[in-house]
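Comments concern the structure below.
Along the sequence shown, residues carry numbers from 1.
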Amino acid sequence: MSTEETQRLRVFLVDDHAMFRAGVRAELGLHVDVVGEASAVAEAVQKISALEPDVVLLDVHMPDGGGRAVLEAMRRSHPHVRFLALSVSDAAEDVIGLIRAGARGYVTKTISPDELAQAIRRVADGDAVFSPRLAGFVLDAFAARPDAPVADPELDQLTNREREVLRLLARGYAYKEIAKELFISIKTVETHVSNVLRKLQMSNRYELSRWAADRRLV
């Protein structure tokens, strides 16, 4: 098994209940590295910016704004950090609101420790994860959006390989890591990145990362 496969994920907890955070930290300790925690929005934003974890477990309702406020503060500046909502609420408006704000998944606090660890891994890998009855809320909400785009001219001009390189670049991979992941040379990676920058009329990888995050390509 490779180093990448065995590497433990770095997880950050955001919840205003200290006992709940302690319980999650204890339960997840065998599966991931819990690198920090916060009980309020401002504290969460500051610590996530400093620690740059792989996945943030995010409560929906907190006194100072909750999960959505954290997402809105972090999404553009840290597009490589993934967010998974973990809440007692299973209300459709909460689920839809967090997903539209940028969360990659939403699970309820009835989830078992093993299932939560698996959900964290899947979100880190780029999947969307929902507790079973919540997925329907999201499908219904986005299917009903009259303004949902059916095409993206900017994205359509990129080749499949350029999209793969862009996705990995936006997830924080170095050129050497992208080359290894896609079985191509570093020089070829540089060529693809140059082509993407030219086609999208951007000047650096940070602009590309924000662009990719806005389109949920990461």
Side-chain angles (χ1 to χ4, degrees), residues 2-12 35 44-56 58 67-85 97-105 120-129 138 142 145-218:
S2 70
T3 301
E4 183 179 21
E5 289 173 328
T6 58
Q7 185 177 5
R8 285 164 65 90
L9 289 172
R10 302 173 67 253
V11 175
F12 190 92
V35 297
V45 170
Q46 180 182 20
K47 289 184 176 180
I48 293 167
S49 297
L51 294 169
E52 297 193 344
D54 299 303
V55 177
V56 175
L58 196 62
R68 186 160 189 166
V70 176
L71 277 164
E72 290 172 349
M74 300 297 304
R75 180 179 166 191
R76 291 186 180 276
S77 61
H78 292 74
H80 57 286
V81 177
R82 306 300 177 95
F83 291 85
L84 173 62
L98 265 290
I99 298 304
R100 283 182 171 159
R104 292 292 302 177
I120 291 169
R121 173 65 63 181
R122 288 180 58 194
V123 166
D125 288 341
D127 292 341
V129 179
V138 179
F142 284 90
R145 284 179 60 188
D147 60 337
V150 296
D152 187 330
E154 289 185 308
L155 183 60
D156 289 344
Q157 66 183 316
L158 303 182
T159 66
N160 288 336
R161 180 62 88 186
E162 287 168 351
R163 294 186 195 193
E164 291 175 340
V165 170
L166 172 60
R167 178 178 57 82
L168 294 174
L169 191 73
R171 291 180 64 181
Y173 282 55
Y175 284 10
K176 182 179 180 180
E177 294 170 323
I178 296 174
K180 182 179 180 181
E181 182 79 12
L182 299 180
F183 302 100
I184 58 180
S185 69
I186 296 176
K187 184 66 176 177
T188 301
V189 173
E190 292 173 348
T191 299
H192 285 312
V193 172
S194 295
N195 289 340
V196 173
L197 287 168
R198 174 179 51 81
K199 289 180 179 180
L200 299 180
Q201 299 181 0
M202 295 180 187
S203 58
N204 57 62
R205 66 178 294 166
Y206 303 105
E207 291 181 354
L208 287 178
S209 294
R210 289 195 298 270
W211 186 90
D214 287 344
R215 284 161 174 76
R216 308 288 176 83
L217 301 179
V218 183

Which heavy-atom pair separates [X] from [Y] by the least distance, and what is that distance?
X	Y	result
Leu169	Ser209	O-OG, 4.0 Å
Gly67	Leu58	O-CD2, 3.4 Å
Leu98	Arg68	CD1-N, 4.0 Å
Met202	Trp211	CE-CD1, 3.0 Å
Val55	Ile120	CG2-O, 3.8 Å

Is [Y] close to [X] at the side-chain level, that is, under 4.5 Å between some pair of heavy atoms?
X	Y	answer
Leu158	Leu166	yes
Val196	Leu208	yes
Val35	Pro53	yes
Phe83	Arg104	no
Asp54	Val81	no
Arg210	Tyr206	yes
Val189	Leu182	no
Ser49	His78	yes

| query | Is any side-chain N of the basic residue among Glu52 and Arg10 closer than 4.0 Å to the acidic one's carboxylate O? | reply |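 Judged by the 4.0 Å cut-off on N to carboxylate O distance, Glu52 and Arg10 do not form a salt bridge.
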
| query | Would you call Glu177 and Lys180 a salt bridge, using N to O less than 4.0 angstrom? | reply | no

Nearest 0.5 angstrom please: [X] [atom1] to [Y] [atom2], how far?
X	Y	atom1	atom2	value
Arg121	Arg8	CZ	CZ	9.5 Å
Ile178	Tyr173	CD1	OH	9.0 Å
Arg161	Asn195	CZ	CG	13.0 Å

| task | Using side chain to side chain donor-acceptor pair (under 3.5 Å) as the criterion, list what pairs up with Arg122, not counting sequence neighbours. | result | none

| task | Answer yes if the side chains of Thr188 and Ser185 hold a donor-acceptor pair under 3.5 Å, and no otherwise. | result |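 Side-chain D/A pair, Thr188 to Ser185: present.
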
| request: Assess whether side-chain contact (heavy atoms from CB on, under 4.5 Å) is satisfied between Leu197 and Arg205, documenting all intermediate values. | output: CA-CA 8 Å; Leu197 287 168; Arg205 66 178 294 166; over 6 Å; no

| message | Applying the side chain to side chain donor-acceptor pair (under 3.5 Å) criterion to Glu162, which one of His192, Gln157, Lys199, Arg167 satisfies it? | response |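 Output: one option passes, namely Lys199.
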
| message | So does Gly105 get a backbone contact from the side chain of Arg82, meaning a donor-acceptor N/O pair under 3.5 Å? | response | no

